[in-house]
Amino acid sequence: MCSSDLHGVAANHNGTPGNAAAGGGIMFSSNTRESADCRVFDAYSNKNLGSQVRLTGSKFPKRVAGLTVWGGQFERGAHADPLVPVIAVEAADRTTFFGCNVIQPKGKPAPCVVFGGGQGMVRDTSFVSCYFQYTGKKSTLAAKGQIESVAFVDCRFGGKADLFDFDADLPKGSIYFSRPIDLARGKGRDRKSTRLNSSHLVISYAVFC
């Protein structure tokens with residue numbers, strides 16, 4: 001799926017589990033203004049030659065806005081590029097992933113998700129009740145700059161890799177976790193982050209009786 005400045009589009013039960021696509025998987029690219037208010041339901045993507053999901057824009061404020069992805073399964077693609085993440089969020093605003101699995105197999109150094117790194121801003125982007133499985137050589141999550149606010153709500157992380165690789169100049173409080181990180185980790189929770197300044201994080205959780 002590839003889009004340029006689409007509005008109000010809903011995609012249901014999409015994916016290519018059996019055949020590789022020449023490009024990426026689910027790609028929203030805003031080149032003239034913004035792609036807004038789109039929905040993706042029950043996607044399965046693991047045989048594409050780029051990132052399985054890529055949200056990008058040519059320059060702020062050109063971005064993907066108001067995108068919601070429900071119940072997706074996104075896995076390492078059918079390519080040999082060790083630097084291509086499963087999900088690339090380069091220019092996004094008010095974007096949410098609900099109940100998605102993001103899998104990067106053992107031995108692959110690219111992260112599950114990379115934020116920033118493009119020409120746009122990433123803000124108000126959330127992953128809710130998602131699972132990240134990574135046993136590669138670097139980190140599960142990477143942020144390359146141009147990050148304003150990214151949230152992980154009730155997410156879990158599996159595998160033995162480091163969790164973070166965040167640039168040192170990210171804004172204070174730009175990364176939010178709804179639960180303590182050590183409780184979000186599965187196996188390998190004793191692993192330390194490769195690059196992480198504690199001022200990046202806002203960790204907050206509540207107990208309801």
Side-chain angles (χ1 to χ4, degrees), residues 1-3 6-17 24-30 34-48 50-57 63-77 85-104 111-116 120-134 140-143 147-159 163-164 174-181 183-186 201-208:
M1 180 199 306
C2 178
S3 72
L6 294 180
H7 288 67
V9 173
N12 296 285
H13 308 296
N14 56 88
T16 55
I26 299 171
M27 177 176 177
F28 285 84
S29 177
S30 301
E34 69 176 25
S35 295
D37 301 321
C38 296
R39 309 285 184 268
V40 177
F41 300 90
D42 192 22
Y44 178 56
S45 185
N46 77 336
K47 292 294 184 180
N48 299 290
S51 292
Q52 305 310 296
V53 180
R54 185 182 179 201
L55 311 180
T56 189
R63 66 207 189 280
V64 178
L67 171 68
T68 305
V69 181
W70 272 285
Q73 177 80 13
F74 306 109
E75 304 173 4
R76 169 74 181 188
V86 180
I87 296 178
V89 182
E90 299 172 3
D93 188 2
R94 295 179 287 109
T95 292
T96 305
F97 291 78
F98 285 105
C100 295
N101 294 324
V102 186
I103 310 298
Q104 185 71 291
C112 283
V113 186
V114 169
F115 300 96
M121 170 67 72
V122 179
R123 65 184 183 188
D124 296 337
T125 295
S126 302
F127 288 80
V128 181
S129 298
C130 294
Y131 177 72
F132 303 85
Q133 175 70 40
Y134 181 70
T140 308
L141 308 172
I147 309 298
E148 185 173 300
S149 53
V150 175
F152 297 90
V153 180
D154 295 335
C155 291
R156 296 193 63 225
F157 299 86
L163 182 54
F164 305 109
S174 56
I175 309 296
Y176 169 84
F177 281 82
S178 67
R179 64 174 68 177
I181 297 172
L183 297 181
R185 298 296 300 265
L201 300 177
V202 174
I203 302 173
S204 176
Y205 60 99
V207 177
F208 297 93

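- With sequence neighbours left out, Gln133 forms a side chain to side chain donor-acceptor pair (under 3.5 Å) with Tyr131.
- Taking the ring pair (Phe, Tyr, Trp, His ring centres under 6.0 Å) definition, one finds that Phe74 meets it with nothing, sequence neighbours left out.
- Contact between Pro85 and Ser51 at its shortest, heavy atoms only, is O-OG, 2.8 Å.
- Side chains of Phe97 and Ile87 form a contact here, defined as non-hydrogen atoms less than 4.5 Å apart.
- In this structure, CZ on Phe177 lies 7.5 Å from CD1 on Ile175, to the nearest 0.5 angstrom.
- Distance CZ/Arg76 to OG/Ser45: 12.5 Å, rounded to 0.5 Å.
- Rounded to the nearest 0.5 angstrom, Phe41 CZ and Trp70 CH2 are separated by 4.5 Å.
- Counting heavy atoms from C-beta on, the side chains of Val86 and Ile103 never come closer than 4.5 Å.
- With sequence neighbours excluded, the residues that form a side chain to side chain donor-acceptor pair (under 3.5 Å) with Gln73 are Glu75, Asn101.
- Rounding to the nearest 0.5 Å places CG of Asn46 at 6.5 Å from CD of Gln52.
- Shown here are the side chain to side chain donor-acceptor pair (under 3.5 Å) partners of Thr96, two or more places apart in sequence or in another chain: there are none.
- For Ala92, the side chain to side chain contact (heavy atoms under 4.5 Å, CB included) criterion is met by Leu55, Val89, Thr95, Thr125, not counting sequence neighbours.
- Residues Pro111 and Leu141 have side chains not in contact (no heavy-atom distance under 4.5 Å, counting atoms from C-beta outward).
- Taken to the nearest 0.5 Å, the CZ atom of Phe132 stands 5.0 Å off from the CZ atom of Phe127.
- The salt bridge (Lys or Arg N to Asp or Glu O under 4.0 Å) check on Asp154 picks up Arg179, with sequence neighbours excluded.
- We find the OG-CE distance between Ser149 and Met121 to be 9.0 Å, quoted to the nearest 0.5 Å.
- Of all non-hydrogen atoms in Cys155 and Ser129, the two that sit nearest each other are SG-N, 4.1 Å.
- Every side chain to side chain donor-acceptor pair (under 3.5 Å) that Glu90 has, sequence neighbours left out, goes to Arg54, Thr56.
- For Val122 against Gly116, the heavy-atom pair with the smallest separation is CG2-N, 3.8 Å.
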